[in-house]
Structures are given as C-alpha cells and as structure tokens.
Amino acid sequence: MRIDIQRLLADLNEPQRQAVTHTEGPVLVLAGAGSGKTRVLTYRIAYLIATGTALPWQILAMTFTNKAAQEMRQRVATLVPGAELPQWVGTFHSVFARILRREGDRLGYDRNFAIYDEQDQLTLIKNGIRELRLQGDEINPRAVRGAISKAKNQLIFPEEYERKAETFFEREIVSPLYHYYQRMLKTNNAMDFDDLLVQPIVLFDRFPDVLTRYQEQFRYILVDEYQDTNRAQYTLLKQLAQRYRNLCVVGDDDQSIYRWRGADVGNILNFQQDFKDCAIYRLEQNYRSTKTILGAAHSVVRNNVNRWEKRLWTDRGEGEKVGVVATDSDREEAFRVVSLIEREVYQNKRSFKDFAVLYRTNAQSRILEQALRDAGIAYEIVGGVRFFERKEVKDVLAYLRVVCNPAESFSLKRIINFPLRGIGATTVSKVEEFARAKQIPLFSALERVDEVPAIAARTKESIKHFVKLINKYRSLRSELSPAELATALVEEVGFRRMLKEEGTDEARDRLNNIDELLYAIASHSSNAEDPSLEGFLQHVSLLTDVDSWDDRANVVTLMTLHSAKGLEFPVVFITGLEEGLFPLANSAMDQRDLEEERRLFYVGATRAKEKLYLTWAASRRRWGMEERVSRPSRFLMEIDSEYIELLGERDRPPRRARRPERPAERRSPMPAWEDESQEPNPIYAGRRVHHPKFGHGTVIAVDGADERARVVVLFDAVGEKTLVLKYANLRPA
DNA sequence: CCTGGGATATTTTTT
DNA sequence: ATATCCCAGG
C-alpha cells in the first residue's frame, strides 16, 4: 500500500498534495479553472481509502453531474486497485433522494415517491389556480413556481410564507397556492427537486437519531463546485459535518453561475466563518489552456468588482490568438462556425469531437444545428428538450409510475384517457369527487367505480378495463424484469400500433424514442445498484443534461454555457456575443446580474484548451419573424487586444460552394428553393420532395409567387396537402 | 366525448 | 416556428 500512496502523491503539485493529504478538519480549496480541482477530489478519496483513514462507505462526495460522479468513481478504481468503491458519490439531489427513499417513511412518504419535474409542477399549480378559484387569467404559473421554489430554497415553509407575505401577489396568490401545492405533493406521494434538499433538512431536524446515524457514517465529506451551492445545500452540509468536521469544499468564486437559482457565493465566506479553523489552499496553476486563452478570459472577469483578485498562470505556450468573427446575421454566424470547424479539421487534423459550440440560450441551437446538418457534420446537442421530457416518453413513464405507485394520481390522470378510451374529463372529476369524499386515492376510487354516482354504464366498463390493465401489471412486477414489463405494457397499451398507423416521420421519431426508453430500462437493470423499476424511475428523474451526453462519439458538441461547466475541449466557440443576448438584456440593469454574465463568459472561455473563437451577429431572428439588430457584446471590448485577431471576410476558408443568399424578391414561382445546400433546388410540379412532418411526396402544383407561393403536394403517407411554400420547409428528395 | 382550428406565448440559464 | 391551450361543432 505504501508504494501506491507515494505514486499517488507524485501525480500532484504542491498545493494539490497539501489539499489531498490534509484529511482532518475543515478544508477550503480555492481552485481556479483548469487547476485540477476534480483531480484533487478524486485523489483525496483515493488517499483516504488507500491509507485506511476511511472506509469507502464513510465517504460522501458531491459532484455537479452524475456523469462526473461516475468518472470520479472509475478514476478511484484505477488509483486504488482492488479497493471497494465509494457508493456515496453523486449530485446533491441524487444523494439525498437516496437517503429519502430509505428514511422518508418518517416524514410520511412511501419509498417509491415520485419526483416531479418542472412541467409537472406547472400542471399542479394550474390545477391549483382552478381549484382555488383564483383569477386564473392574471396569474403566471411560472412566476408562482419560481416564488415557491425560491421560498423553499430559503427554507421558508407555507405557514411562515403566509405570515411574512407582503405584496398582493405573495399574500393572495402564492401563499394559498404554496399551501395547496405542498398538500398535493404529499397526497400524491411526490416531491419536487427542491424537496429533495429541503425534506432531508426537515428529517434531520425532527429525528436527531437519523441525523446522528448519517453523521457517524459520513466521516469525510467532499463537495465540488462549492461556489454554486444554495442555502439548503449548505445547511445540509453543516448538519452532516457537525460531528466529525471533516468537510472539504472546492470552488472558485469566478465560476459561480447559478445565483439566479439561489446559489450563493457567500457560502465561501460563510464557510470561513462557520469553520474558523479551516485550512485554505489555493490552486492557481492552470493545466488546461494556453496563456492567450487565460489572458483573454481574465481580462473580462477582472472587470467584476465583487471578486477576489487572483490570476491563474500556466507554463503552456502562448498559443494561437482568440479568433473573433463578426457576421451580419445569425445564419451567417452559424455558417462561419461550420466553415471554421471544417478548416480546423482539414488543416489541423482535428476530429469533430474536439469542438464545442456554446451559446447563452437554448433557442440559439437550432440555426447552428441546421448549418451543421447541411454541411453533413455529425453533432450532438446537450440539453434543450430533454429526452425524458418528451411527450411520448413521459406517457410511458407515467404508466410505469402508476404501476409502481398507485397513490400518484397525477400521472394517473395523464394516462387514464391516453390512448383514448372514453374516460373524459367529466368522468374523472366525478370520480375525483368521490375519492375526496371517501378520503382515498384516485386509483382506489376507480376500483370502486360501481359506487360512484352518475356514471354511464359504458364508461364504467372502460374504467374497469383500465383498472384491470394497471392491476395486471402491478402483479406482473414480481414475475417480469423491468424491461420485459415495460415492453409488454407498451405493446398492450398500443403505443406502437398507434404511432405506426400515424406513419409520419414525427411518429417514427416518437417510436424510436420509446424504443430508446425501453433500451434504457434494460441497461439500467443490468448495471444499476438498484435494478428495480422503481430504481429506474428515480434515476431518470435525477439525470442532468450532461449525464446523457456521449463524450466519446466523434461529433461536434452543442450546449449552453451553463452546461459546459466542468468540461474541456481543444476548440471552443462562444457564439451570440451581442449586447442583449450575452450579456442578456435584463442583466445589464443589475450590477450583480451583469457580473454573473461575465463569470459565465469566463467559464465558457476557460473550457478551451488550444483555440477559442468568439462570434457575433449584427442581426438575429427571434421566434421566426422579427429581426433584432444588435451591437457587439461589451465582453468583446473588454478583452485586451493583444489576445485577439479579427477574422475578416478574407480569412474565410475556401468553400466548396457559396450558399446562395435568400433572394429578396422572387419573380417567378419556379426558382423558389427552400433547400440550403450548395445548389438551388427549385420546387416544381412533378418534383419529389420531403417534408419534416408529412414525409415524402410529389409536388402537384405551385401557385402564386413570392411570399404567398403555395404548393400542393401529394404525400405518400398522408395524401394531398396545400402548404405555404415559405413555411413548408420542403427539401427536394 | 372527441376533434380540429385558431389564438397565444415562447427565449435565460437547471437539479 | 412551434407548442400548448381553449372552444365550438360533430
């Protein structure tokens, strides 16, 4: 073992080594971007295990994504071969969900509690607005959701919220809805994301014996990305670390980018106050980026007033200058990004997986996606509409949730009449009324439908049929594997048949998504620690965007600046550097918001190892229509000019063919090409075309000109349709 | 009870 | 441009 430890420490620089070997007592590690923060955490875990200081199950480590947790565990496995791996490594949310599953019954939750995502939350709030008869039109459910979430993160419960409510909105709207919302979560045996942090605090407060047990277990606690913890998370850490005080947090105030969701950089200051004897280590050597990239990133972030001045250094070379690209439009911006990628691949022999294209808002991904697709470059978008939030996936998940957790009336209502089986809204509310009167869950009321008044015999039959279906799968749980059960259920419910009959491309995508879901269930039950269906349902609720990212595929990665935190790429593009977009318009008003945008830029820029490109577009289309004209971002001006070079028109790489500009006016209906490929591809009668929704078809006629041109297409799958050419998005097939 | 057309909001970032 | 919501008519 001793040799292993020496070799282990040999991989570290001096401050890293100190942070790793200082195992006893509170430790604060201030770690700049690319300074080996994750390395310190991983080696610290390995060190604790290898020296016998801690047993693997006595270590609790919080990471920012589940993927990071997985990688950390694998790394530990190679550093300490043969040792048992620590099981308590994960995001705050997944770790505490696990604790709640074990202990939640103390708070009146079943261990199979559901986890509600944002859509579920909003539906719940909308139901509340209706049930409480609040003036629905004037209420923005999102604002209510935000207010409730904010309150929860500050550990303010409905009763206290009611007492403290000041404004009309707080007193008359949020307060009653907050009460309703919490009550409904409880009766549905469900929690939202905030509850996963707040309920454990309640649990530990109310049941000191439970707290003591976990305090005893977790003798060594490690936290990554500490600058982005919120009040609830900090409270949890304090509770758990109180006894042994072996708490090691790693963070960088310059990379704090979640203030808007309650994260508090002040937690770094709090830490020094709450743990006065804490040791502080600073990691200032950057191993990731060139001097130029670091210099450019620093020249922006140093404009922040609220930060501790520090400067990262590197012994890497100067590297290439940061390339700045100005374009007229968002389309051109996307096109230039693609061209630059092509040039880097061609001239510098890079692979597609070397590139990340970052943006401030998810909406920007579409046009980039289009440009990449047109150029035939494989890409993957991280985030955006998440896989597990797609309608068809959520529908199947809702069935599975109900099978596992019949008290969960919310999912039940989602599927009770999908696919249509003649159980409409009126019937459901009658049964709900009955359920309320009898104080039983909705599903139990459905089982006793014969006692419910005023329901047509035919409808009763449908309900009995549905109840039978669910109960059948409830009992099959013990006989079939999760994947077998889900597959049989998808088949019996008729998802596959329904989508096949639809026959459109979209339906095929949906079908693929369902198959992918079934595959995910199968692979979960062969890998996971908790292979049950319940385990899977909990698991998918807690996935982060980055978790489902395949970082080995040789494709260009597209993601938001937020998602990019903690990652690195040889070449990074930061796009949309315009006033109003990055920094976002409303942030320019508030100094603290503006500083957060600057930190976001800093995070983005320091993802780059070798080359950084910054792009902006003078005009950008918003929701398909109006053009927005912008000036370049102030961040571009803040960069010292020595670090940048302007890439003008003539630095454009040679192109295979220039894409035609969309002509301002089209005189004849014939040369109306919607396709963005190298050659104009007119749409004309007799042409085979492809439509994203309707699939392949043949053009029968083209009517009218210019903006108003219409095409009549006979689609193979759905028959004849008349489409406005401008919007039809037809491609020659 | 179900369908489809029209109106409407959507774009800040996420566990 | 697209997703979702709402309502009238079948």
Side-chain angles (χ1 to χ4, degrees), chain A residues 62-66 90-97 115-119 121-123 126 130 136-137 140-142 145-146 149 152-153 191-198 225 228-230 232-233 256-263 358-367 370 382-386 388-391 417-428 456 458-459 462 506 540-547 559-565 576 580-588 593 596-597 599-601 603-604 620-626 628 692-693 724 726-729:
Chain A
M62 310 294 192
T63 56
F64 209 68
T65 64
N66 296 296
T91 63
F92 270 93
H93 290 84
S94 57
V95 162
F96 287 100
I115 298 170
Y116 281 3
D117 66 14
E118 194 169 328
Q119 288 173 35
Q121 292 178 291
L122 286 176
T123 313
K126 284 176 197 161
R130 219 168 302 148
D137 290 351
N140 175 1
R142 287 161 160 271
R145 196 202 71 88
S149 175
K152 283 195 184 184
N153 278 317
M191 300 204 196
D192 64 14
F193 285 122
D194 300 316
D195 278 339
L196 297 178
L197 305 177
V198 171
E225 306 285 6
D228 279 325
T229 52
N230 64 25
Q233 289 164 328
S256 155
I257 54 175
Y258 284 101
R259 197 178 82 89
W260 53 274
R261 71 168 198 211
L358 309 180
Y359 36 78
R360 182 63 180 80
T361 67
N362 281 307
Q364 288 163 255
S365 69
R366 185 171 298 164
I367 194 151
Q370 207 169 37
V382 178
V385 181
R386 296 171 187 73
F388 289 102
E389 286 175 11
R390 280 164 214 244
K391 187 189 175 303
N417 202 26
F418 184 84
L420 299 174
R421 44 172 79 87
I423 310 173
T426 334
T427 308
V428 172
R458 225 178 121 155
T459 315
S462 303
E506 197 185 305
V540 298
S541 310
L542 296 171
L543 285 178
T544 68
D545 283 340
V546 173
D547 289 338
M559 64 175 116
T560 62
L561 289 144
H562 282 87
S563 293
K565 180 162 98 157
L581 183 62
F582 191 26
L584 267 168
N586 6 7
S587 71
D593 287 344
E596 178 143 313
E597 298 282 309
R599 293 191 294 267
L600 194 53
F601 178 87
V603 167
R620 190 173 288 278
R621 282 207 276 188
R622 275 166 32 129
W623 35 86
M625 296 296 285
E626 96 206 67
R628 202 183 70 164
K693 235 191 214 129
V724 178
K726 190 176 164 204
Y727 298 117
N729 220 354

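The figures here come from the full heavy-atom set of this structure, side chains too, leaving out hydrogens, waters and symmetry mates. Each chain gets a letter, A, B and so on, in the order the sequences are listed, and its residues count up from 1.
Rounded to whole Å, the distance from CZ on A:Arg366 to P on C:dA1 is 9 Å. Across the protein-nucleic acid pair, A:His562 atom NE2 and B:dT12 atom C1' stand 8 Å apart, rounded to whole Å. Look at CD on A:Glu225: it is 19 Å from P on B:dT13, rounded to the nearest Å. Here B:dT14 presents its P atom at 16 Å from CG of A:Asn153, a figure rounded to the nearest Å. To the nearest angstrom, C1' of B:dT13 lies 13 Å from CG of A:Leu358. Between the CG atom of A:Leu196 and the P atom of B:dT14 there is a distance of 18 Å, given to the nearest Å. Rounded to a whole Å, the CG atom of A:Asn140 is 12 Å from the C1' atom of B:dT10. A straight line from CD1 of A:Ile257 to P of B:dT15 spans 11 Å, rounded to a whole angstrom.
A search for side chain to side chain donor-acceptor pair (under 3.5 Å) contacts involving A:Thr63 returns nothing, not counting sequence neighbours. Under the side chain to side chain donor-acceptor pair (under 3.5 Å) criterion, A:Thr427 pairs with no residue at all, not counting sequence neighbours. When the side chain to side chain donor-acceptor pair (under 3.5 Å) test is applied to A:Asn362, no partner is found at least two apart in sequence or on another chain. Scanning for side chain to side chain contact (heavy atoms under 4.5 Å, CB included) contacts around A:Ile367 gives A:Asp330, A:Arg331, A:Ala334, with sequence neighbours left out. Under the rule for a ring-ring contact (aromatic ring centres under 6.0 Å, His included), the partners of A:Phe601 that lie at least two apart in sequence or sit in another chain are A:Phe635.
Toward the 5' end of DNA chain B, the nearer of the two residues A:Thr459 and A:His93, judged by each one's closest nucleotide, is A:Thr459.
Nucleic acid contact for A:Ser541: none, since no nucleic acid atom lies under 4.0 Å from a heavy atom of the residue. If you check every strand for non-hydrogen atoms under 4.0 Å, A:Asn362 touches sugar and phosphate atoms only. Backbone-only engagement by A:Thr426 is indicated by non-hydrogen atom pairs under 4.0 Å involving sugar-phosphate atoms exclusively. Here A:Phe92 lies out of heavy-atom contact (under 4.0 Å) with every strand.
OP1 or OP2 of B:dT14 has at least one side-chain nitrogen or oxygen of A:Thr560 nearer than 4.0 Å. Regarding contacts with the backbone of B:dT13, every side-chain N or O of A:Lys565 stays at 4.0 angstrom or more from both OP1 and OP2. Distances shown here put a side-chain N or O of A:Ser563 below 4.0 Å from the OP1 or OP2 atom of B:dT14. For the OP1/OP2 pair of C:dT4 and a distance below 4.0 Å, the side-chain nitrogens and oxygens of A:Arg142 include no atom meeting the criterion. Remark: A:Ser94 is not in phosphate contact with B:dT15, judged by side-chain N or O atoms under 4.0 Å from OP1 or OP2.
Listed candidates were B:dT12, B:dT14, B:dT11. Nearest to the side chain of A:Arg360 is B:dT12. Residue A:Thr427 places its side chain closer to B:dC1 than to any other of B:dC1, C:dC5, B:dT12.
Between A:Asp228 and A:Arg261 there is no salt bridge, since no side-chain N of the basic residue sits under 4.0 Å from a carboxylate O of the acidic one.
In this pair, A:Tyr258 and A:Phe64 present their aromatic rings tilted. The plane angle is within the 30 to 60° band.
B:dT13 has its base stacked against the ring of A:Trp260, the centroids being under 5.5 angstrom apart at an interplanar angle below 30°.
Here, C:dT4 and B:dT13 have their C1' atoms 23 Å apart, quoted to the whole Å.
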Please report the C-alpha distance between A:Leu196 and A:Ile115 in whole Å, then the side-chain angles of each, then the deciding distance to 0.1 Å, and finally whether the side-chain contact (heavy atoms from CB on, under 4.5 Å) criterion is met.
CA-CA 9 Å; A:Leu196 297 178; A:Ile115 298 170; 4.2 Å; yes
Pull out every protein N or O sitting under 3.5 Å from an N or O of nucleotides 2-7 of chain B, one pair per line with the distance.
residue	atom	partner	partner atom	Å
B:dC2	OP1	A:Gly422	N	3.1
B:dC2	OP2	A:Asn417	ND2	2.9

